[in-house]
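Notes follow the structure.
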Amino acid sequence: MTKENGESCLGEDFSFSKHARLLNSAAFKKVLRKGRRFGRNPFFVLYWHAHGLPESRLGVTVSRKVGSAVIRNRVKRAIREFFRTHRHRFKQDGDCVIIARPRAGQVTSAQLRSQLDRVLAKNMSAT
RNA sequence: AGAGUGGAUCUGGCUGUCGCUGGUUUUCCGUAGUGGGAAACGGGAGGAAAGUCCGGGCUCCGCGAAAAGGUGCCGGGUAACGCCCGGCGGGGGCAACCCUAGGGACAGUGCCACAGAGAGCAAACCGCCGAACGGGAUUUUAACUAAUCUUUCGGUAAGGGUGAAAGGGUGCGGUAAGAGCGCACCGCGUUGCUGGUAACAGUAGCGGCAAGGUAAACCCCACCUGGAGCAAGACCAAAUAGGGAAACACCGCUUUAGCGGGCGUUUUCGGGUAGGUUGCUUGAGACACUUGGCAACAGGUGUACUAGAUGAAUGACAGCUGCCUGAAGCUUUGAAAAGAGCCAAGGAACAGAACCCGGCUUAUUGAUCCACUCUCCGU
RNA sequence: CGGGGCGUGGCGCAGCCAGGUAGCGCACUAGCAUGGGGUGCUAGGGGUCGGAAGUUCGAAUCUUCUCGCCCCGA
């Protein structure tokens, strides 16, 4: 745990194991109720809740309104890939929940990544 | 060469970097035990994984019948089926071939709107024909002579008209006019014979139109089905609240023993939520060869083990290269029409396992192979 | 993943089981009553019943397939 933690602080580790994910319904509810909405655009809504642990975690919600099972899988993979590669830009001591809105199912993966980049650049500096 | 029919298979490949997930091996940390981390190796979506329309396995509940529901030409296959195969009947196509919920309407009940004279033990509106005689009208005649119309009674299902459907069709005879009234052929029903396991087909005799449609209306007949579903079920088991039992302390009754109460404290028990483990992937299986069978399929031998996630993995990026379309231009064959090659650029669908099988249905890109039919040309 | 329900004018609903005329309320248009508006009265327009096949003489209704929406089971 301690070794891996030191690497992640340097921003060189691109792994994304189970420790970095929200794994049950209670964790999601905690972030959505007690956390704060810090970013929003027509494709996503982002929530943040500080938990005190040294490692940041991610939860992704894609409802059935986004599209079929193939489209939902594509959106989830794009969001997780972005979190994995841009993890150093997120704050390290909290949980993040990204909810995809219905328009996210109508664009390509590259467009999803650029939209996430814009919403993160705009809102992380403000916080 | 063109047009078409049926069936089968596949759903691009290779390399690199960064990731996810389960398995095996090694190793590190920690523990009474369960465990946590790292590295290496080799696995990781489909023909429909979909819709959930059927049939099963598996699990729990129930176990007497009935009700309710389903299936429906015949024979076979199958664990079973509403599926598949082979036949029969009907319909379509020049043909290869395709489509077909296809039992029963003399067991019973219901419905057939509108239109039409009549619509379910049928019916006479216009017609056609005959008779009655008397009255009237018109024409005609030497003459109430003849004809037509009108009235009444009767015959008729040929023709018209209505309708989805009007109680067989065509032809000849027959008749006052007509009619299965008679005859021939077709159709229908029925009895036999022949072929076939059967559905049914063929054929002979008889009957004489008696028997309209609708059962995806109720229904009858034959056969089948208990209900729910892996979020089934089994096991482990926090925090909080609540329940049972015991002990201590307290209160009431009582001389004590003891009995009762329930505020409190401690211990303990079982149920059970979050959560976890299991069910969970080796199977009525797949592939190859072979035997039987027209076939579906069945038997035998051999080979390999081939996804198991659970806020839910199977991905992202880059390069090279096959496949398809291919503007303009260039090269080339050719008299021309047109064809071939190079090439920018673009395209590659439908879609994501959730306990597992067998089917059906629906969505869909491109390619390859096999068999067959028709038309044209050449030999 | 599994189990149920609903699609009918602009909106909310009948009609479907038992097949032949698509109707009700609000809304819309026009006229009348009023000095004008509201209100009231009269008249009218607008849907082939989510889509496609089939059964039937005939389908919103019966059967099959399909599309969309909603609800329930942690």
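Chain letters run A, B, ... following the sequence lines, proteins first and then strands; every chain starts at 1.
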Can you check the A:R72 CZ to B:rA354 P distance for me, whole Å?
-> 13 Å
Considering only nitrogen or oxygen atoms on both sides, find all protein atoms under 3.5 Å from nucleotides 69-74 of chain C and state each distance.
none

Got more than 12 heavy atoms from elsewhere within 6.0 Å of NZ, A:K30?
-> no
Starting from C1' on B:rC20, measure out to CZ on A:R87 and report it in whole angstrom.
-> 14 Å
Under-3.5 Å N/O pairs linking protein and nucleotides 346-353 of chain B:
from	atom 1	to	atom 2	distance (Å)
B:rG352	N7	A:N73	ND2	3.3
B:rG352	O6	A:R77	NH1	3.4

What pairs meet the salt bridge (Lys or Arg N to Asp or Glu O under 4.0 Å) rule with one or both residues in residues 104-117 of chain A, with sequence neighbours excluded?
-> A:R89-A:D117
Is it possible for you to check whether A:R103 lies under 6.0 Å from the centre of the six-membered ring of A:F43, through NZ or CZ, and within 45° of that ring's axis?
-> yes
Give each protein N/O atom lying under 3.5 Å from an N/O atom of nucleotides 307-311 of chain B, with the pair distance.
from	atom 1	to	atom 2	distance (Å)
B:rU310	OP1	A:K18	NZ	3.0
B:rG311	OP1	A:L23	O	3.3
B:rG311	O2'	A:L22	O	2.5
B:rG311	O6	A:S25	OG	3.2
B:rG311	N2	A:T61	OG1	2.1

RNA chain C: stems of at least 3 consecutive Watson-Crick or G-U pairs whose donor-acceptor distances fall under 3.5 Å = C:1-7 with C:67-73, C:10-13 with C:23-26, C:28-33 with C:39-44, C:50-54 with C:62-66
Classify the nucleic acid contact of A:R74 as base, sugar-phosphate or nothing, counting any heavy atom under 4.0 Å across all strands shown.
-> nothing
By side-chain hydrogen bond (donor to acceptor under 3.5 Å, both in side chains), A:Q111 pairs with (sequence neighbours left out) A:T108
Gap between atoms CZ and C1', on A:R84 and B:rU21 respectively (whole Å) | 14 Å
